[in-house]
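Let me begin by presenting the structure, written as structure tokens, before commenting on it.
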Amino acid sequence: MRAAVCPDYGAPEVIRIEQRPTPAVDAGQVTVRVNAAAVNFPDVLLIANQYQVSVPPPFIPGSEFAGVVVQTDAEGFSVGDRVTGAGMYGAFAEEVVVPAASLARTPDAVDDRAAAAFGVAYRTAYHTLRSMARVQAGDEVVVLGAGGGVGLAAVQLGVVLGASVTAVASSDEKLAAACSYGAAHAVNHRSGKLRDALREALPRGADAVLDPLGGELAEPALRSLRRGGRFVTIGYASGVIPRIPLNLVLVKGVHVLGFHFQDVPPDEFDRNEAELRDHLVSARVRPHVGAVYPLEETVQALRHVADGRAIGKVLIDLT
């Protein structure tokens, strides 16, 4: 099979397209013919050995995919089933072998590109909105990094939940995408001080802030919260972990939370997953695919994400 291989740690340019043997299937595993794979920022970090876990090279990067089952040694899936799944690595290849537990059936109404683009970003955004930020209809929600995969998903899903969403991004093009999905306010943080812009847009303050970026935007966004507001840190795509003055938390009476899937209560997790699947199947939410590359251009796809140019999701097409 053809695969994008990371032979040594480094920048995206280290990736090589090679012929590799398909891994053998063990008990409980499934081989999937990959039709589409999503590029995520952690893929860039894993290749550079800057992620919170390390994978020894050589390895095939790529964590999120959609395709068709071609071999199975597990109950619950048959050859020909359309599936989507996620793992730590291995998706940037014509075939991937994964535990059956990591797969879900792709709804008939959803194509493989949409399925590959939907999983991690939209699940992260929805569980954050529902179970961490506790967003209700009528809430004012600020989304940082609103042009990226998680950010744009949070904009769409926040609107679906009835919130008024203020999108914060680094370019007018990204903000245009956020507004096309219902953002009520758009703030280009490179056009001036974010604190001032948020005060103007939300004079009464925000109920919740979702932050997948970190860096210098975190503190002014936290300052935009009204008393009792919720600030949820999701990740640090900026590459900088922010330092928040704790006196702000004390004085403003706000709540600072971190998102991890395992921290969502089981009953809420199941509820969120069912609701999210219904949003996808009913087309109330559709993933925004900003760019698609063939497998041979995996380096360019990774560079697109690494340089912060992605709007929504970037995909690799393996059909």
Side-chain angles (χ1 to χ4, degrees), residues 121-122 124-172 174-235 237 242 244-245 247-259 264 268 272 275-276 279 284-285 288 312:
Y122 283 78
T124 296
Y126 200 68
H127 285 288
T128 298
L129 287 162
R130 288 287 270 134
S131 292
M132 298 298 172
R134 303 287 178 185
V135 169
Q136 303 291 324
D139 280 357
E140 294 284 357
V141 178
V142 174
V143 177
L144 303 182
V150 172
L152 194 52
V155 170
Q156 295 180 50
L157 292 165
V159 171
V160 167
L161 290 172
S164 175
V165 178
T166 296
V168 178
S170 60
S171 73
D172 292 341
K174 292 179 179 180
L175 291 172
C179 289
S180 75
Y181 290 105
H185 304 286
V187 175
N188 187 329
H189 64 80
R190 291 181 174 170
S191 298
K193 291 185 178 180
L194 178 60
R195 183 180 180 184
D196 293 342
L198 291 177
R199 185 184 293 120
E200 180 178 353
L202 304 170
R204 296 176 55 197
D207 295 288
V209 172
L210 273 63
D211 180 14
L213 290 181
E216 63 182 13
L217 302 183
E219 183 179 331
L222 185 144
R223 289 180 182 274
S224 76
L225 287 169
R226 64 182 62 165
R227 188 163 192 83
R230 289 84 65 196
F231 182 101
V232 187
T233 177
I234 303 169
I244 298 294
N247 65 304
L248 293 177
V249 178
L250 175 66
V251 171
K252 295 177 69 65
V254 299
H255 305 270
V256 178
L257 306 142
F259 171 76
V264 179
E268 293 187 18
N272 295 348
E275 290 177 355
L276 185 58
H279 292 325
R284 283 190 292 272
V285 174
H288 183 96

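Since we're looking at a predicted model, the values are computed, not measured. No hydrogens, no waters, no symmetry mates; every other heavy atom, side chains included, goes into these values. Position 1 is the first residue of the sequence; numbering continues from there.
- Nearest heavy-atom pair, Ala221 versus Leu194, reported as atom, atom and distance to 0.1 Å: N-CD2, 4.4 Å.
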I would like to know whether Leu161 and Tyr126 meet side chain to side chain contact (heavy atoms under 4.5 Å, CB included); could you show each step before the answer? CA-CA 10 Å; Leu161 290 172; Tyr126 200 68; 3.7 Å; yes

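- In this structure, the salt bridge (charged side-chain N to carboxylate O under 4.0 Å, His left out) partners of Glu219, at least two apart in sequence or on a different chain, are Arg223.
- Side chains of Ile244 and Leu222 form a contact here, defined as non-hydrogen atoms less than 4.5 Å apart.
- We find the CE-NE2 distance between Met132 and His255 to be 14.0 Å, quoted to the nearest 0.5 Å.
- Qualifying side chain to side chain contact (heavy atoms under 4.5 Å, CB included) partners for Ala197, counting only residues two or more places apart in sequence or in other chains: Val187.
- Note that CG of Leu202 and CG of Leu225 are 10.0 Å apart. Values are rounded to the nearest 0.5 Å.
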Audit row: Leu175, Val168, side chain to side chain contact (heavy atoms under 4.5 Å, CB included) steps and yes/no: CA-CA 7 Å; Leu175 291 172; Val168 178; 5.9 Å; no

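- Applying the side-chain hydrogen bond (donor to acceptor under 3.5 Å, both in side chains) test to residues at least two apart or on different chains, the pairs with a partner in residues 207-217 are Asp207-Arg226.
- Every residue two or more places apart in sequence or in another chain that forms a side chain to side chain contact (heavy atoms under 4.5 Å, CB included) with Ser171 is listed here: Glu173, Lys174.
- Minimum heavy-atom separation, Leu210 to Ala133: CD1-CB, 4.0 Å.
- Listed by chain and residue number, Asp278, His279, Ser282 satisfy the side-chain hydrogen bond (donor to acceptor under 3.5 Å, both in side chains) test with Arg284 (two or more places apart in sequence, or in another chain).
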Run the salt bridge (charged side-chain N to carboxylate O under 4.0 Å, His left out) check on Arg134 and Glu268 step by step: do they pass? CA-CA 11 Å; Arg134 303 287 178 185; Glu268 293 187 18; 3.1 Å; yes

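- One distance of note links OH of Tyr122 with CG of Leu276; it measures 9.5 Å at 0.5 Å rounding.
- Looking at residues two or more places apart in sequence or on another chain, you find a ring pair (Phe, Tyr, Trp, His ring centres under 6.0 Å) between His288 and Tyr181.
- Considering Thr233, Val232, Thr128 as possible partners of Leu257, the one that fulfils the side chain to side chain contact (heavy atoms under 4.5 Å, CB included) test is Val232.
- Residue pairs satisfying the ring pair (Phe, Tyr, Trp, His ring centres under 6.0 Å) criterion with at least one member in residues 139-161, sequence neighbours excluded, are absent.
- The two residues Val135 and Ala163 come nearest to each other via the heavy atoms CG1-CB, 3.8 Å.
- Applying the salt bridge (charged side-chain N to carboxylate O under 4.0 Å, His left out) criterion to Arg199, with sequence neighbours excluded, gives Asp196.
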For residues 138-155, dump all side-chain donor-acceptor pairs below 3.5 Å to protein atoms at least two apart in sequence or in another chain.
| from | atom 1 | to | atom 2 | distance (Å) |
| --- | --- | --- | --- | --- |
| Asp139 | OD2 | Gln136 | N | 2.9 |
| Asp139 | OD2 | Arg230 | NH2 | 3.4 |
| Glu140 | OE1 | Ser164 | OG | 3.2 |

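- Expressed to the nearest 0.5 Å, how far CG of Leu129 lies from CD of Gln156 amounts to 11.5 Å.
- Counting only heavy atoms from C-beta outward, the side chains of Leu248 and Val254 never approach each other to under 4.5 Å.
- Legend: residues meeting side-chain hydrogen bond (donor to acceptor under 3.5 Å, both in side chains) with Asn272, ordered by chain and number and at least two apart, are His127, Ser131.
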Side chain to side chain contact (heavy atoms under 4.5 Å, CB included) between Phe231 and Val249, intermediate numbers included: CA-CA 10 Å; Phe231 182 101; Val249 178; over 6 Å; no

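- Between Ser180 and Ala177, the shortest heavy-atom contact is OG-O, 2.6 Å.
- Annotation: the span from His189 atom NE2 to Leu198 atom CG amounts to 11.0 Å, rounded to 0.5 Å.
- Legend: side-chain hydrogen bond (donor to acceptor under 3.5 Å, both in side chains) pairs involving residues 142-153, not counting sequence neighbours: none detected.
- For Thr166, there are no side-chain hydrogen bond (donor to acceptor under 3.5 Å, both in side chains) partners two or more places apart in sequence or in a different chain.
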